[in-house]
Asks: 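Dropping the structure in here first, questions after.
As the structure is a computational prediction, the values presented were derived from the model and not from experiment.
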Amino acid sequence: MILWTMAFAFSACAGVSFLYSSSTKENEAMPSWICLIAFAILMAFAFYLPSRNSPKKLFKKEALCVVGLGWIMASLVGSLPYILILDCDFATAFFESTSGITTTGSSVFGSFADFPHSLMFWRCLSHWIGGMGVLVFFVAVLSFLGTSGRILYASETSVSSGGGIETERIQSGAFKILFLYLTISALCLATFKLCGMGWFDGICHMFSVVATGGFSIYENSFAHYQSNLIYWATTLFMFIGGISFVLMLAILSGNFKKLWQNTEFWTYCIIIIFFSIAISFYTNTTTGWFDAITQSAFQTVSLMTTTGFATCNYDEWLPPAITMLFVLMLIGGCAGSTSGGIKVARVVSGFKIAWNALEKSFRPRVVRNISINGKVLDNDNIANVGSYLLIFLITIACGIIVISMLEPTMSFTGTFTAVCASISNTGPGFAEVGATKNFGFMTAPAKTILSIMMIAGRLEFYALFALLMPSLWKKFE
């Protein structure tokens, strides 16, 4: 199904190429799109025919393999347009493709002068495809999976962190989420159009904003528009993209009780409001308080939802602002959203677990329940939160060591934030990889390692790292 999705996406890009056929670049790109469509269809049949009679039941072991290998395959196939059209090396193409599919938004290209419209369209469309997750599309379309779809959905999203669909009919839930995703996309596009964007600009940026991605069709991102109206509209839809889709469905169905009980959502709102106000005092903006709060709110929401758009070079802001933006980058959005990062639910749960442990140090007999979103966490949930945070920190530490060895002249700030931005799927970092910079200067091995980190972060480590464990591949009787 990944390959069929890619085939349809490549067909859409070929359609864009046809619309702009008066351009020499598009005429040169058209044969590549035709070849890519044919390749995706042939590969889809090559995978389908040997497995058409295989058992329909799906277990957790198989689900982990499908999720992990599926995202790797999507990133590899998605890199082909860059290789064929731009004639770039594999590491560069794989980085850009992975950044798109995982909704990271980091780029290795400092100029888009050589990009035909169709390739720019694919670049942003890859965000939109990855926003919901290739495997969620699987569950929505492949009805024969039955209750096995729940395993896939649990592997693809952060449902264990406080926001899962509580029904065995996962296909119905997946279709509802897909419909909501399409509705938000349509509203976002209409809003951008009303704010003065052209159709091509609006569609491409809608793909990126709704998916909390970060790819723009301009080198200077949203700073190109110089419009507070567009900035606030984008901030609104980035904020929506960082909310749990399951919670939004509950609200739309009239279940407001879930909203009032949702600790994660209210914490998410409080963090955004607090940091937007706090950062506005350290932006160095000289054009008035409204511009300061606009830029502060935009960057706060952009980095917390791991979108990664920029309205200015926030590297020039005062150190307190940069420090707060970095913290937001790590926290991320809500569980069950298109955002990356640790997720607010885990941060709240981790804080409560630590607080409980501190109290037990001087009151060992006290017993307090730890709850999130109105539900008490059991020992397994507590262990999962702790293990995830530990894996997150270990991966960052290992990534910093590896990247520093591959890029010995890069500053510590640049290395540290490049790794954190990749694992959190944020996009830009600071220093050499800041808002106005790109990752193009890095060596091929460094780009490849960061690409793998993007996939690991998007899949919350387990589905990818499990592939490296020999016990996963053993056949048990």
Side-chain angles (χ1 to χ4, degrees), residues 1-2 47 51 54-78 94 97-98 101-104 130 132-139 142 145 147-165 170 174 332 335-336 339-343 345-346 349-350 378-399 401-402 419-420 422-425 448-477:
M1 192 61 199
I2 290 176
F47 278 95
S51 60
S54 60
K56 306 303 181 186
K57 199 167 185 180
L58 191 67
F59 296 97
K60 186 130 190 172
K61 185 176 178 180
E62 288 82 359
L64 286 171
C65 292
V66 171
V67 172
L69 295 176
W71 277 88
I72 294 171
M73 179 187 292
S75 299
L76 289 171
V77 175
F94 184 59
S97 171
T98 305
I101 294 293
T102 59
T103 72
T104 302
M132 276 302 293
V134 176
L135 275 302
V136 172
F137 282 98
F138 276 24
V139 174
L142 302 184
L145 283 177
T147 57
S148 299
R150 184 179 178 86
I151 299 174
L152 273 177
Y153 187 80
S155 298
E156 176 59 23
T157 64
S158 307
V159 294
S160 60
S161 302
I165 294 179
I170 191 69
S339 298
I342 296 172
K343 303 294 191 302
R346 287 199 184 96
S349 299
D378 58 26
N379 291 332
D380 286 341
N381 294 139
I382 293 172
N384 286 337
V385 171
S387 62
Y388 177 87
L389 293 175
L390 184 60
I391 293 172
F392 190 90
L393 293 174
I394 291 174
T395 306
I396 287 178
C398 293
I401 293 170
V402 173
V419 171
C420 291
S422 298
I423 293 174
S424 298
N425 303 125
T448 305
I449 294 295
L450 289 176
S451 300
I452 294 170
M453 289 181 183
M454 292 178 205
I455 298 174
R458 178 63 183 178
L459 298 180
E460 306 202 331
F461 307 114
Y462 295 103
L464 185 66
F465 290 170
L467 299 176
L468 305 177
M469 298 185 69
S471 58
L472 180 74
W473 304 100
K474 287 181 181 178
K475 185 176 181 180
F476 297 100
E477 298 298 335

Asks: Parallel, tilted or perpendicular, judged at 30° and 60°: which one describes the rings of Tyr388 and Phe461?
Replies: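 Rings of Tyr388 and Phe461: tilted, as their planes differ by 30° to 60°.
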Asks: Of all residues at least two apart in sequence or in a different chain, which pass the side-chain contact (heavy atoms from CB on, under 4.5 Å) check with Ile394?
Replies: Leu390, Cys398
Asks: Could you tell me whether the side chain of Leu69 reaches within less than 4.5 Å of the side chain of Met73, counting heavy atoms only?
Replies: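 Not in contact.
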Asks: Any non-hydrogen side-chain atom of Asn381 less than 4.5 Å from a side-chain atom of Val385?
Replies: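 Contact flag for Asn381/Val385 side chains = no.
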Asks: Hey, can you pull the donor-acceptor pairs under 3.5 Å for the side chains in residues 449-456, sequence neighbours left out?
Replies:
{"unit_1": "Ser451", "atom_1": "OG", "unit_2": "Lys447", "atom_2": "O", "d": "2.8"}

Asks: As an exercise, state the distance from CD1 of Ile101 to CD1 of Ile72, rounded to the nearest 0.5 Å.
Replies: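 Reported value, rounded in 0.5 Å steps: 13.0 Å.
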Asks: So how far is it from Glu460 CD to Ile342 CD1, rounded to the nearest 0.5 Å?
Replies: 10.5 Å
Asks: Check whether Arg458 reaches the backbone of Gly130 with its side chain - one donor and one acceptor, N or O, closer than 3.5 Å.
Replies: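 Between the backbone of Gly130 and the side chain of Arg458 there is a qualifying donor-acceptor contact (under 3.5 Å).
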Asks: Would you name the heavy atoms of Leu459 and Gly68 that are closest together and state the gap between them?
Replies: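 That would be CD1-CA, 3.8 Å.
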Asks: Any non-hydrogen side-chain atom of Ser422 less than 4.5 Å from a side-chain atom of Thr104?
Replies: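 Side chain of Ser422 against side chain of Thr104, heavy atoms only: no contact under 4.5 Å found.
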Asks: On a heavy-atom basis, which atom in Gly78 and which in Ser97 lie closest, and how many Å separate them?
Replies: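 Where Gly78 meets Ser97 most closely, the heavy atoms are C-OG, 3.1 Å.
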Asks: Report the distance from atom CD1 of Ile391 to atom CZ of Phe465, rounding to the nearest 0.5 Å.
Replies: 7.5 Å
